[in-house]
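To start, the structure itself, in structure tokens.
Only a predicted model underlies this, so the values are computations on that prediction, with no experimental measurement involved.
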Amino acid sequence: MNKFFILLIKYMPIIQMVAMLLNNTMYCFDVYTKMYYLLGYLAGNSIMTTILLYVCSYVFKFCSWYRLIVTANLINLTLGIVDIYIKTPMSDFELLVSYYTICVLFLFIIVINKFRCNKKVSE
């Protein structure tokens with residue numbers, strides 16, 4: 001059971017990011033299906049789960065790419081909350097593009113860090 005918990009915690013940020021992007025894409029293009037609500041219910045993101053994932057990353061000594069994905073989720077979550085409560089002048093499509101931009105930017109940073117780490121190990 002402990003291995004299952006660690007495996008679940010390890011891949012949760014990736015699952016949340018994919019589900020959030022898919023969910024927001026369906027919302028932006030007016031695809032209201034049962035899957036939209038199911039994804040939000042099953043793989044929804046909140047501040048509490050993000051804090052839990054940060055704590056688990058230090059407790060289980062996960063690598064830095066893990067915290068980068070959690071940080072990208074946190075930024076996207078914060079951007080969505082700011083848009084809801086402050087009413088930013090962005091359209092739904094612009095907000096969706098910003099979510100994807102943040103995701104791609106952090107994935108790019110992760111890949112660069114991974115190559116740097118592998119280069120240092122091989123030298």
(message) Running the 4.5 Å side-chain criterion over Ile, Leu, Val, Met, Phe, Trp and Tyr, what cluster does I112 land in, apart from itself?
(response)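 When side chains under 4.5 Å apart are linked, the cluster holding I112 also contains F108.
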(message) Which residues pass the side chain to side chain contact (heavy atoms under 4.5 Å, CB included) test with Y100, not counting sequence neighbours?
(response)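 Side chain to side chain contact (heavy atoms under 4.5 Å, CB included) check on Y100 returns L21, T25, L96.
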(message) I'd like to check the side chain to side chain contact (heavy atoms under 4.5 Å, CB included) partners of C63; sequence neighbours left out, ordered by chain and number.
(response)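 C63 satisfies side chain to side chain contact (heavy atoms under 4.5 Å, CB included) with W65 once adjacent residues are dropped.
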Within one Ile-Leu-Val-Met-Phe-Trp-Tyr cluster: [X] and [Y], side-chain cutoff 4.5 Å:
{"X": "L22", "Y": "F93", "answer": "yes"}
{"X": "I51", "Y": "F60", "answer": "yes"}
{"X": "V97", "Y": "L95", "answer": "yes"}

Show me the donor-acceptor pairs, under 3.5 Å and distance only, between side chains in residues 77-90 and residues at least two apart or in other chains.
| unit_1 | atom_1 | unit_2 | atom_2 | d |
| --- | --- | --- | --- | --- |
| T78 | OG1 | L74 | O | 2.8 |
| D83 | OD1 | T88 | OG1 | 2.4 |
| K87 | NZ | I84 | O | 3.4 |

(request) Kindly write out the residues that satisfy side-chain hydrogen bond (donor to acceptor under 3.5 Å, both in side chains) with T101, not counting sequence neighbours, or none if the list is empty. (result)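 Applying side-chain hydrogen bond (donor to acceptor under 3.5 Å, both in side chains) to T101 gives none.
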(message) Using the side-chain hydrogen bond (donor to acceptor under 3.5 Å, both in side chains) criterion, which residues pair with T71? Sequence neighbours excluded.
(response)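 Here the qualifying residues are Y54.
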Separation between [atom1] of [X] and [atom2] of [Y], rounded to the nearest 0.5 Å:
{"X": "C103", "Y": "I75", "atom1": "SG", "atom2": "CD1", "result": "11.5 Å"}
{"X": "Y99", "Y": "N23", "atom1": "OH", "atom2": "CG", "result": "10.5 Å"}
{"X": "R67", "Y": "C56", "atom1": "CZ", "atom2": "SG", "result": "11.5 Å"}
{"X": "N24", "Y": "F29", "atom1": "CG", "atom2": "CZ", "result": "11.5 Å"}
{"X": "L68", "Y": "I110", "atom1": "CG", "atom2": "CD1", "result": "5.0 Å"}

(request) Would you name the heavy atoms of T50 and S46 that are closest together and state the gap between them? (result)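 Looks like OG1-O, 2.8 Å.
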Taking distance alone, no hydrogens or angles, what donor-acceptor pairs closer than 3.5 Å link side-chain atoms of residues 3-17 to residues at least two apart or in another chain?
| unit_1 | atom_1 | unit_2 | atom_2 | d |
| --- | --- | --- | --- | --- |
| Q16 | NE2 | G44 | O | 3.3 |

(message) Test of understanding: with ring-ring contact (aromatic ring centres under 6.0 Å, His included), list the residues that count as partners of Y66, not counting sequence neighbours.
(response)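 F62.
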